[in-house]
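Input: a single structure, listed below in structure tokens.
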Amino acid sequence: MIRALAYASCYIYSPCGSCAISERSRLLRTLIKSGDAPLYLKYATRVRQQAHEFSLLAGFFDAADLLVPVPGCEPRDPGVVSVTGFLAAALVREGLGRTAWAGLQRVRAVTKSATAAPGERPTVGKHYDSFAVEGAADFPCPSQIILVDDVITKGRTLLAAASRLREAFPRAEIRAFALLRTMGLMPEVNQLLDPCIGEIRWRAGDAHRNP
């Protein structure tokens, strides 16, 4: 496994808070998961604004980056665009990457983390075994890759995906971006927009996200 993966995020989400903003954060998560392509253009614009202004996201993206959408929990029919595929394409349209490439595939299904009991959520190893990189031999070796996901919780999916990509592109710098990050240890959130740059580390057999 990759020992450490730099990641960035733009919005936060409270899974159990009861205040009005926490409830709005859960609505935001539902909207992001909806698959509404025009909506991702709106949020990609906000990400670009954050990346080009004096915020923590400034400098994280590069116009030369290859954006790789992280597939969902089940294999998908060819030609069907995923939520993360729409998001990656919207980020490219905003100049936050060179192109989006769906070469990372889910070849076997894993349990959906959102509906699994805490002890039954897929491990980093299960995610890793369920991924494959297809078509790498036909793709020019990129120097910079950003994995694109919609929501990050612990970071297990991203760490496993990055480890698979490292095998296919050993010389590439790999980073990750998730539009929304879960704040499960906070009882409430008091804002939705909260850009950050952090790290996911492989430690004691699991992924650990900070912040």
Side-chain angles (χ1 to χ4, degrees), residues 1-9 32-33 35 37 40 44 60-93 96-114 121-181 198-203 205-209:
M1 289 298 163
I2 287 180
R3 296 295 170 178
L5 176 68
Y7 91 97
S9 179
I32 289 172
K33 291 286 189 181
Y40 304 120
F60 184 81
F61 294 92
D62 189 289
D65 291 336
L66 173 68
L67 304 191
V68 179
V70 176
C73 61
E74 297 181 350
R76 186 176 291 267
D77 292 334
V80 177
V81 181
S82 64
V83 166
T84 54
F86 284 125
L87 177 58
L91 293 171
V92 169
R93 178 171 171 174
L96 299 176
R98 173 167 54 94
T99 189
W101 179 64
L104 180 67
Q105 297 291 320
R106 188 80 75 169
V107 294
R108 61 176 63 89
V110 296
T111 304
K112 185 178 293 187
S113 295
R121 292 171 182 166
T123 63
V124 176
K126 286 185 178 180
H127 279 298
Y128 173 83
D129 290 340
S130 74
F131 286 134
V133 177
E134 300 179 356
D138 300 324
F139 198 87
C141 184
S143 59
Q144 299 179 135
I145 296 173
I146 292 184
L147 282 160
V148 176
D149 211 348
D150 50 358
V151 180
I152 178 175
T153 304
K154 286 181 68 69
R156 290 169 175 164
T157 305
L158 287 171
L159 198 63
S163 297
R164 273 295 183 203
L165 282 175
R166 173 60 54 81
E167 294 175 349
F169 304 111
R171 297 182 180 179
E173 176 194 352
I174 302 175
R175 308 187 305 284
F177 172 76
L179 186 60
L180 182 70
R181 68 186 186 276
E199 188 176 60
I200 306 163
R201 295 194 68 86
W202 172 253
R203 189 174 69 244
D206 201 359
H208 298 267
R209 191 194 93 201

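These numbers come from the heavy atoms of this one structure, side chains and all, not from hydrogens, waters or symmetry mates.
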*asked:* Among residues at least two apart in sequence or on other chains, which ones pass side-chain contact (heavy atoms from CB on, under 4.5 Å) with A37?
replied: F86
_Using 0.5 Å steps for rounding, measure from the CD atom of E199 to the OH atom of Y7._
10.0 Å
*Which residues pass the side-chain contact (heavy atoms from CB on, under 4.5 Å) test with A100, sequence neighbours left out?*
A88, V92
_Side chains of R106 and H127 in contact at under 4.5 Å (non-hydrogen atoms)_ = yes
*Do D65 and L96 pass the side chain to side chain contact (heavy atoms under 4.5 Å, CB included) test, and can you show the C-alpha distance, the side-chain angles, and the key distance before you say yes or no?*
CA-CA 8 Å; D65 291 336; L96 299 176; over 6 Å; no
_Distance in Å, S143 OG paired with R171 CZ, rounded so as to fall on 0.5 Å steps_ = 12.0 Å
*Begin with the C-alpha distance, continue with both residues' side-chain angles, and end with the deciding distance and a verdict on side chain to side chain contact (heavy atoms under 4.5 Å, CB included) for L66 and T99.*
CA-CA 6 Å; L66 173 68; T99 189; 3.5 Å; yes
*Give the C-alpha distance, both sets of side-chain angles, the deciding distance and a yes or no for ring pair (Phe, Tyr, Trp, His ring centres under 6.0 Å) between F169 and W101.*
CA-CA 13 Å; F169 304 111; W101 179 64; 5.7 Å; yes
*Do you know the tightest heavy-atom contact between L104 and A161?*
CD2-CB, 3.6 Å
*Find out whether R209 and K154 are in side-chain contact, i.e. whether some heavy atom of one side chain is under 4.5 Å from a heavy atom of the other.*
no
_Test item: P71 and Q105 side chains (from C-beta on) under 4.5 Å apart, heavy atoms_ = no
*Might you work through the side chain to side chain contact (heavy atoms under 4.5 Å, CB included) test for L159 and R156, ending with a clear yes or no?*
CA-CA 5 Å; L159 198 63; R156 290 169 175 164; 6.0 Å; no
*Other residues, nucleotides, ligands: >12 heavy atoms within 6.0 Å of R98 CZ*: yes
*asked:* Checking side chain to side chain contact (heavy atoms under 4.5 Å, CB included) between L158 and each of V124, I174, T153, D149, which is the one that passes?
replied: D149
*Are the side chains of V110 and T157 in touch, meaning some heavy atoms are under 4.5 Å apart?*
no
_Smallest separation among heavy atoms of I200 and A207, with atom names_ = CG2-CB, 4.0 Å
*Give a yes or no on whether the backbone of P122 and the side-chain of T111 come within a donor-acceptor separation of less than 3.5 Å.*
no
*Start with the C-alpha gap between D129 and R108, add the side-chain angles, then the distance that decides, and say whether side chain to side chain contact (heavy atoms under 4.5 Å, CB included) holds.*
CA-CA 8 Å; D129 290 340; R108 61 176 63 89; 4.1 Å; yes
*Search all heavy atoms of V81 against all heavy atoms of R76 and return the closest pair with its distance.*
O-NH1, 3.8 Å
*From D62 CG over to E173 CD, what is the distance, rounded to the nearest 0.5 angstrom?*
9.0 Å
*asked:* Give me the atom names and distance for the closest heavy-atom approach of P142 to A172.
replied: O-CB, 3.3 Å
*Would you say the side chain of V83 lies within less than 4.5 Å of the side chain of Y40, judging by non-hydrogen atoms?*
yes
*asked:* Return the CG to CZ distance between D150 and R181, rounded to the nearest 0.5 Å.
replied: 15.0 Å
_Please report the interatomic distance CG(D206) to CZ(R201), rounded to the nearest 0.5 Å._
13.5 Å
*Would you check if the distance from the ring center of F61 to the ring center of F177 is below 6.0 Å?*
yes
*Could you tell me which non-hydrogen atom of V133 sits nearest to which non-hydrogen atom of A168, and how far apart they are?*
CG1-CB, 3.8 Å
*Answer yes or no: does atom NZ of K112 have more than 12 heavy-atom neighbours from other residues, nucleotides or ligands under 6.0 Å?*
no
*In Å, rounded to the nearest 0.5 Å, how long is the span from CD1 of I145 to CG of L67?*
10.0 Å
*V107: what forms a side-chain contact (heavy atoms from CB on, under 4.5 Å) with it, not counting sequence neighbours?*
A132, E134
*Any side-chain heavy atom of L165 within less than 4.5 Å of one from F131?*
no
